[in-house]
Amino acid sequence: MIAFVSGPVAALAPTTAVIEVGGVGMAVQCTPTTIAGLRIGQEARLATSLVVREDSLTLYGFADDDERQVFELLQTASGVGPRLAQAMLGVHSPDALRLAVSTGDEKTLTAVPGIGKKGAQKLLLELKDKLGQPLGTGLVGAQRAAASGPAPWTEQLAAALIGLGYASREAEEAVAAVTPQAEAAIAAGGSAPVPQLLRAALQSLNRAR
């Protein structure tokens, strides 16, 4: 198993980072939040999980070991593959997921694209004794963090675009372009889907060039 990769960032895409390791470019699948923290040419260290299939070897990367552990535990639930597990971590932090499972919070899970009400109920049952309690300052601190939510989607999206090499002004314009799409998702009772918004923002930037 490849536990982590470390080296300069050679390239970035919306869901992929290429890390140069010993002269070899390792393509690592990451969430937009993780991508946002990387910069081309700078050193990076990503915890990784290698998913082996009959026709592919895919390396998934995470900001720390805790994210990787939760990624792997999520896949012990039936119907959860690596893509859905990564999508869950793209929307919620590990502690937010622990809190949701420990308190039976369906709404938090259905905020993830691809998880409906029945799917959330099933996940809550299967993961109840696997993820454990939130870490850090304990359950009360995690509840406060969950109440305040992740960083505003606008900040996450702008940081991801800047990490991909766009100027701050371009990032601001792209965020403005996808704001109606985000507001529609929030008005429907969900949360702003940052991965989909990132793709839409990139499309708007490409049209503008």
J.: So, Thr48 side chain and Ile2 main chain: donor-acceptor pair closer than 3.5 Å or not?
T.: yes
J.: Mind jotting down which residue pairs meet the side-chain hydrogen bond (donor to acceptor under 3.5 Å, both in side chains) criterion with at least one end in residues 20-30? Sequence neighbours excluded, please.
T.: Thr16-Gln29
J.: Which residue pairs satisfy the side-chain hydrogen bond (donor to acceptor under 3.5 Å, both in side chains) criterion with at least one member in residues 118-131, sequence neighbours excluded?
T.: Thr76-Lys130, Ser78-Lys122, Ser78-Glu126, Glu106-Gln121
J.: Identify, with sequence neighbours excluded, every residue that meets side chain to side chain contact (heavy atoms under 4.5 Å, CB included) alongside Val21.
T.: Val5, Ile19, Met26
J.: Just do the side chain to side chain contact (heavy atoms under 4.5 Å, CB included) check on Leu127 and Leu73 with the steps written out, would you?
T.: CA-CA 8 Å; Leu127 295 172; Leu73 286 172; 5.7 Å; no
J.: Identify the heavy atoms of Ala111 and Val91 that sit nearest to each other, and give their distance.
T.: O-CG1, 4.3 Å
J.: If you define the side chain from C-beta out and look only at heavy atoms, does anything of Pro82 sit under 4.5 Å from Arg53?
T.: yes
J.: Minimum heavy-atom separation for Asp65 to Ala47, with atom names?
T.: OD1-CB, 3.4 Å
J.: Rounded to the nearest 0.5 Å, how far does CG of Leu74 lie from CG of Leu97?
T.: 6.0 Å
J.: Does any non-hydrogen side-chain atom of Leu157 lie less than 4.5 Å from one of Val178?
T.: yes
J.: Who passes ring-ring contact (aromatic ring centres under 6.0 Å, His included) against Phe71, sequence neighbours left out?
T.: Tyr60, Phe62
J.: Looking only at heavy atoms, which two atoms of Leu198 and Pro32 are closest? And how far apart?
T.: CD2-CB, 4.0 Å
J.: Could you list the residues that satisfy side-chain hydrogen bond (donor to acceptor under 3.5 Å, both in side chains) with Glu72, not counting sequence neighbours?
T.: Ser49
J.: So which heavy atom on Thr108 is nearest to which on Ala96, and how close?
T.: CG2-O, 4.5 Å
J.: Rounded to the nearest 0.5 Å, how far does CG of Leu131 lie from CG of Leu99?
T.: 11.0 Å
J.: Are Val24 and Ile40 connected in the hydrophobic side-chain network, where two residues link if heavy atoms are under 4.5 Å apart?
T.: yes
J.: Which salt bridge (charged side-chain N to carboxylate O under 4.0 Å, His left out) pairs, counting each pair once, include a residue from residues 171-189, with sequence neighbours left out?
T.: Arg169-Glu173
J.: Verify, without hydrogens or angle tests, whether Arg68 (side chain) and Ala3 (backbone) share a donor-acceptor contact under 3.5 angstrom.
T.: yes
J.: Quick check: closest heavy atoms across Ala158 and Ala171, and the distance to 0.1 Å?
T.: O-CB, 4.1 Å
J.: What's the separation between atom CE in Met88 and atom OG in Ser93, rounded to the nearest 0.5 Å?
T.: 11.5 Å
J.: Identify, with sequence neighbours excluded, every residue that meets side chain to side chain contact (heavy atoms under 4.5 Å, CB included) alongside Leu38.
T.: Val9, Leu12, Ala17, Ala44, Leu46
J.: Tell me, please, which residues at least two apart from Thr179 pass side-chain hydrogen bond (donor to acceptor under 3.5 Å, both in side chains).
T.: none
J.: Just so I know, are the side chains of Thr34 and Leu89 near enough to count as touching, which here means a heavy-atom distance under 4.5 Å?
T.: no
J.: May I ask whether Leu202 and Val175 are part of the same hydrophobic cluster, defined by side-chain heavy atoms of I, L, V, M, F, W, Y residues being less than 4.5 angstrom apart, directly or through others?
T.: yes
J.: Could you state whether Ile35 and Val18 fall into the same hydrophobic cluster, counting links through intermediate Ile, Leu, Val, Met, Phe, Trp or Tyr residues with side-chain heavy atoms under 4.5 angstrom apart?
T.: no
J.: With a 4.5 Å limit on heavy-atom distance, are the side chains of Leu109 and Leu124 in contact?
T.: yes
J.: Check the hydrophobic clustering (I, L, V, M, F, W, Y; side-chain heavy atoms under 4.5 Å; chains of links allowed) and say if Phe4 and Val52 are grouped together.
T.: no
J.: Which pairs count as ring pair (Phe, Tyr, Trp, His ring centres under 6.0 Å) when at least one residue sits in residues 99-119, sequence neighbours excluded?
T.: none
J.: Using side-chain hydrogen bond (donor to acceptor under 3.5 Å, both in side chains) as the criterion, list what pairs up with Thr15, not counting sequence neighbours.
T.: none
J.: Might you point out which heavy atoms bring Gly90 and Thr33 nearest each other, and give the distance in Å?
T.: O-OG1, 4.2 Å
J.: Residues in side-chain hydrogen bond (donor to acceptor under 3.5 Å, both in side chains) with Asp66, at least two apart?
T.: Arg98
J.: Distance from Gln86 atom CD to Thr58 atom OG1, nearest 0.5 Å?
T.: 10.0 Å
J.: Kindly state each residue pair satisfying salt bridge (charged side-chain N to carboxylate O under 4.0 Å, His left out) with at least one member in residues 35-51, sequence neighbours excluded.
T.: none
